[in-house]
Enquirer: 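A single structure is presented below for examination.
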Number of protein chains: 2
Amino acid sequence: MSTDENLASEHQESEARPAEARVEAFIGVREARRSEVAEDYVELIAELIHEQGEARPVDIAARMGVTAPTVAKTLGRLARDGLITRAKYRSVFLTEEGRALAKECRERHEIVLRFLLRLGLDPETAERDAEGIEHHVSQRTLALFSDFADRN
Amino acid sequence: MSTDENLASEHQESEARPAEARVEAFIGVREARRSEVAEDYVELIAELIHEQGEARPVDIAARMGVTAPTVAKTLGRLARDGLITRAKYRSVFLTEEGRALAKECRERHEIVLRFLLRLGLDPETAERDAEGIEHHVSQRTLALFSDFADRN
DNA sequence: AATGATTATTAGCCGAAGCTAACTTTTTAC
DNA sequence: GTAAAAAGTTAGCTTCGGCTAATAATCATT
């Protein structure tokens, strides 16, 4: 069998040269995926502290829809990564870094959500889609979303 | 410490009642995540077959930006799940089901990409963001994206 | 047809994120 | 202040999706 380039020139269909760009995209998406869970937790912890004065594992578990041991393990990773602090059998606190990340995530979430609503989506679907999309929008896209949502 | 409801009523800020909706969103996102890799592979396999006449693991690896053993393992899962067929040391074929999924993914990808471009994003960023976003848009959102992209 | 290069597979490692079961600690209620 | 309930932790299992190193098969070139 011939090489990639040979075959490409044999067939050379539409394609500007998306192949290499695509690789970068895949790699970027995999990177984004690695931080998704941490971002969701940190954002939720900030919310809980704001709403209820503290972030307890049991509430995190309920809101995330996972079991308590899963939360415990994830909190261990967040602590290791310097995003939270905690003492045994006590609730969780955000570090400076954690707070900064939470703020960033909250803002991003808000923008995506407002954008989807502005586009005409119903609130439930908008919430669900925003949760998935927010981790995959670049700064540029976010800026465009923001402009669109704000325009009347 | 008091219960969730007690604390909520003590603080009861903005909030219509997004807490339960949020849980559903998180669960939905986790479900979507489980099929992301499979969808990317199937879509790419279809592309390779179209462009080059066959889908070889080495080309899949190059396009995905992963190593050959990673591809091998993933192809094993795809075969187990009935999306592809393959013979040892040969290239990969899509099953009926795999072809259907690939078509669906390609269409979704196209719509998201066209939407982002229509919004004014540069092609590289659009490609990268589309790759991440496409797995997290509901049918409703997709319909809105499509309408928006088509409007002049 | 033999050999060297390319490609594919296998084995075995790792970390993330989920789970259940069992146990400890803390909180609540009496 | 003690007993029951709730919350938190630990241990141990699973799957997924990466990786490297080593091996096996195929292909291409002479």
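No hydrogens, no waters, no symmetry mates; every other heavy atom, side chains included, goes into these values. So that the names make sense, note that chain A is the first sequence line, chain B the second, and so on, each numbered from 1.
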Enquirer: If you only use heavy atoms from C-beta on, which nucleotide in D/dT9, C/dT7, C/dT27 is closest to the side chain of B/R56?
Expert: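 The answer is C/dT7, which lies nearest to the side chain.
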Enquirer: Does B/R90 make a side-chain N or O approach to OP1 or OP2 of C/dT9 shorter than 4.0 Å?
Expert: no
Enquirer: OP1 or OP2 of C/dA17 versus the side-chain N and O atoms of A/T70: is any pair under 4.0 Å?
Expert: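 Answer no for this pair, as no side-chain N or O of A/T70 is under 4.0 Å from OP1 or OP2.
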Enquirer: Round to a whole Å and report the spacing from CG of A/L48 to P of D/dA7.
Expert: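 Value for this atom pair: 14 Å.
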Enquirer: Suppose we screen for side chain to side chain contact (heavy atoms under 4.5 Å, CB included). Which residues come up paired with B/S35, at least two apart in sequence or across chains?
Expert: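 So B/S35 forms a side chain to side chain contact (heavy atoms under 4.5 Å, CB included) with B/E39.
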Enquirer: Whole Å only: how far is the CD1 atom of A/I27 from the P atom of D/dC19?
Expert: 9 Å
Enquirer: Can you check whether B/T67 has a side-chain N or O nearer than 4.0 Å to OP1 or OP2 of D/dC19?
Expert: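 Result: yes.
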Enquirer: Would a line drawn from the ring center of A/Y41 to the ring center of B/F26 be shorter than 6.0 Å?
Expert: no
Enquirer: Using atom CD of A/E39 as one end and atom P of C/dA16 as the other, report the distance to the nearest whole Å.
Expert: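 From A/E39 CD to C/dA16 P: 15 Å.
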Enquirer: Round to the nearest Å and state the distance from A/E31 atom CD to D/dG18 atom C1'.
Expert: 13 Å
Enquirer: Could you pick out which residue, A/K73 or A/R30, lies toward the 5' side of DNA chain D when each is mapped onto its nearest nucleotide?
Expert: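 Of the two residues, A/K73 wins.
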Enquirer: Base, sugar-phosphate, or nothing for A/K88, non-hydrogen atoms under 4.0 angstrom?
Expert: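 Touches sugar-phosphate only.
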Enquirer: Tell me which residues in residues 75-84 of chain B lie within less than 4.0 Å of DNA chain D, going by non-hydrogen atoms.
Expert: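 Going residue by residue through residues 75-84 of chain B, the ones with a heavy atom under 4.0 Å of DNA chain D turn out to be B/R77, B/R80.
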Enquirer: Whole-Å distance between C/dA8 C1' and B/M64 CE?
Expert: 18 Å
Enquirer: When you measure from the side chain of B/V58, which nucleotide among C/dT26, C/dT10, C/dT7 comes out closest?
Expert: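 The listed nucleotide nearest to B/V58's side chain is C/dT7.
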Enquirer: With a 4.0 Å cut-off on N to O distance, would you call B/R140 and A/D129 a salt bridge?
Expert: no
Enquirer: Please answer: with hydrophobic residues joined when any side-chain heavy atoms are less than 4.5 Å apart, are B/F93 and B/L44 in the same cluster?
Expert: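 No.
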Enquirer: B/H136 vs A/H136 aromatic rings, parallel, tilted or perpendicular, using cut-offs 30° and 60°?
Expert: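 B/H136 vs A/H136 ring planes: parallel.
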Enquirer: Nearest to the A/P69 side chain among C/dT9, C/dA17, C/dC19, which nucleotide is it?
Expert: C/dC19
Enquirer: Do the side chains of A/I84 and A/I49 join up, straight or via other hydrophobic residues, at under 4.5 Å, putting them in one cluster?
Expert: yes
Enquirer: Atom CZ of B/R86 to atom P of C/dT7: distance rounded to whole Å?
Expert: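 Answer to the nearest Å: 17 Å.
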Enquirer: Side chain of B/Y89: nearest nucleotide among D/dT9, D/dT26, D/dC19?
Expert: D/dT26
Enquirer: Rounded off to whole Å, could you give me the CZ-to-P distance for the B/R34 and C/dG18 pair?
Expert: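 About 11 Å, once rounded to whole Å.
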Enquirer: Transitively linked via ILVMFWY side-chain contacts under 4.5 Å: A/L117 with B/L144?
Expert: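 Hydrophobic grouping puts A/L117 apart from B/L144.
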Enquirer: B/V66 side chain: which of D/dC19, C/dA8, C/dG18 is closest?
Expert: D/dC19
